[in-house]
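Please read the structure below before turning to the comments.
Ligands are counted one by one from 1 in listed order, and the atoms in each one are counted from 1 as well. Because the structure is a prediction, the values reported are computed rather than measured.
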Amino acid sequence: MQLSTQTLSALSGRVATPTYARDRLKIRIVHLGFGAFHRAHQAVYADELAGAHGSDWGYCEVNLIGGEQQIAALKQQDLLYSVCEMNADNWSGRVVGVVRQALHGVTDGIDAVIAAMTQPDVAIVSLTVTEKGYCYVPSTASIDTHNPLIEHDLAYPHQPQSAPGVIIEALRIRREKGLPAFSVMSCDNIPENGHVAHNVVLALAKNRDPALADWIEHHVSFPSTMVDRIVPAMTPASLEKISGVLGGMADPAGIACEPFRQWVIEDNFVAGRPAWEKVGAELVADVLPYEEMKLRMLNGSHSFLAYLGYLAGYQYIDQCMLDDNYVRAARQLMIGEQAPTLHTTGVDLTAYAQSLLARYRNTGLKHRTWQIAMDGTLKLPQRMLDSIRVHLARGTAFPLLALGVAGWMRYVGGVDDNGEKIDISDPLATQLAELVRNSAEGHARVEALLTLHHVFGKDLPANPLFVSRVADAYALLQNQGAKEAVSQVIKDLA
Ligand code: NAI
Ligand code: CS2
């Protein structure tokens, strides 16, 4: 049996199901990126709003690149899917009913996606398209004109493939038809994600038509958001568990996540927004301090554990948490090296760090270090390098951040501490492989990887203190392996 409107009643008593009239919802948000995270985060907030507060904000879900199966599954099951919160062996589920349309840019065609985005009711286009989806240069937050998707969209603006290209084409048509603009809300793990979305959309629009760019500048807002919920990629085992929660019913679009969730949103919308504050989101004037805190404390320690953990043979984050030295290193990284760089006020950062470690210990999650390690060239700048810049300017020490960067360098070297080959998933994978192939293991490898200006900018490779700290950490990893290196750095700090 598969999840659908017909089979919904069979679930009553087992999991929460929509209590509202789904056909009353209007498609007021088009979401680009129906991946794991969105299903367990923004859609759940909308579902609670519709259930408890009579909200009529419904979604059109879109995948532009990849994720054909999730869109197909949604369509097959009357646009319903389930979300399970997992804590060790205690799983609880709900069926989300706020999706009113589902489209794929390739299988349904980009025209269908743009048609959905140009409906008069659409007030928000939101995104969870990963760091890659913004087609930007992380060290400068500007558009990457050499990105193949951008090159395509510059040549064929009416048949765009990139997220910024699709947004611009939809806005062009809205302007032509005299329809109001929408807000573009990024929900990706990028610092000042609204600012990045603004930069790439405006840069591409200017290239196409300065008058359109001007209209966008004056009519579209790009609110930033801080989003948090750990949602690992689904596996056959977690789909099987969801099916168990659903009493044996299959749900290929189902998703499992941790119980915790947080959402801080810059309150800057041009055509209205759902009353997210009624279901626990914080609407604020400036998201930056929250984003910075989350990206450096949570994502920074996640990446540290991912690289050092993967090299040492730890497949999952909760396995890293069984190694006392890794726990102490993650705590010290957060409290000693990330917290002092933040602009956050009014938050107990020691308690925040403790709460993150408790979340990492969740044995239900099975969050792969490999998953977090992917796309490092787009993650390192905001997770580690920005903080290192603060330490360099202040003359303060950053041994764990240096170890984290060196851990990434060892990781992209492609061989773990047991001599096993690593499958590197990164948009710059070809370039990384070339740099690795053409440099000798050791100091030359560090020097070679530092030539990636997209990642390190021009300032860090030119800073002798930065280079020597990272090179020393790299040598330690090379000679002792990750487990011993973590233990030694922690001992030296005691
Ligand atoms: P996922 O792999 O399940 O989904 C990725 C989504 O991005 C898919 O919908 C795919 O169609 C889209 N996509 C990928 N490359 C694209 C491109 N070049 N252009 C347009 N769309 C593209 O990943 P997941 O877990 O949903 O994460 C997505 C993003 O959400 C993350 O990169 C992060 O920024 C943010 N996030 C994820 C959290 C998590 O725990 N999974 C938590 C907080 C934020
Ligand atoms: C992780 C994040 O995959 C990664 O890089 O660090 O997706 C992390 O799980 C989320 O940001 C938690 O909110």
For ligand 1, find out whether one of its N or O atoms is nearer than 3.5 Å to an N or O atom of V227. no

Taking only heavy atoms of R383, which atoms of ligand 2 are found under 4.0 Å from at least one of them? 4 (C), 5 (O), 6 (O)

When H31, H104, H38 are each screened for side-chain hydrogen bond (donor to acceptor under 3.5 Å, both in side chains) with E61, the one that passes is H38

Shortest protein heavy-atom distance from atom 2 (C) of ligand 2, along with the residue and atom involved: N299 ND2, 3.5 Å

Could you find the nearest protein heavy atom to atom 11 (O) of ligand 2 and give me its residue, atom name and distance? K294 NZ, 2.5 Å

Return the closest protein heavy atom for atom 13 (O) of ligand 2 as residue, atom name and distance. D228 OD1, 2.5 Å

Closest non-hydrogen protein atom to atom 1 (C) of ligand 2, residue and atom name please, with distance? H302 ND1, 3.4 Å

Test item: protein heavy atom less than 4.0 Å from atom 2 (O) of ligand 1: no

Ring centroids only, cut at 6.0 angstrom: are F34 and Y81 within range, meaning strictly under it? yes

Less than 3.5 Å between some nitrogen or oxygen of K379 and one of ligand 2, yes or no? yes

For N189, the atoms of ligand 2 under 4.0 Å from one of its heavy atoms are 2 (C), 7 (O), 10 (C), 11 (O)

Mind running ring-ring contact (aromatic ring centres under 6.0 Å, His included) on H367 and Y360 for me, showing each step along the way? CA-CA 9 Å; H367 201 180; Y360 297 169; 8.7 Å; no

For H367, take its heavy atoms, then give the atoms of ligand 2 lying under 4.0 Å from any of them. 9 (O)

Any N/O pair R359/ligand 2 closer than 3.5 Å: no

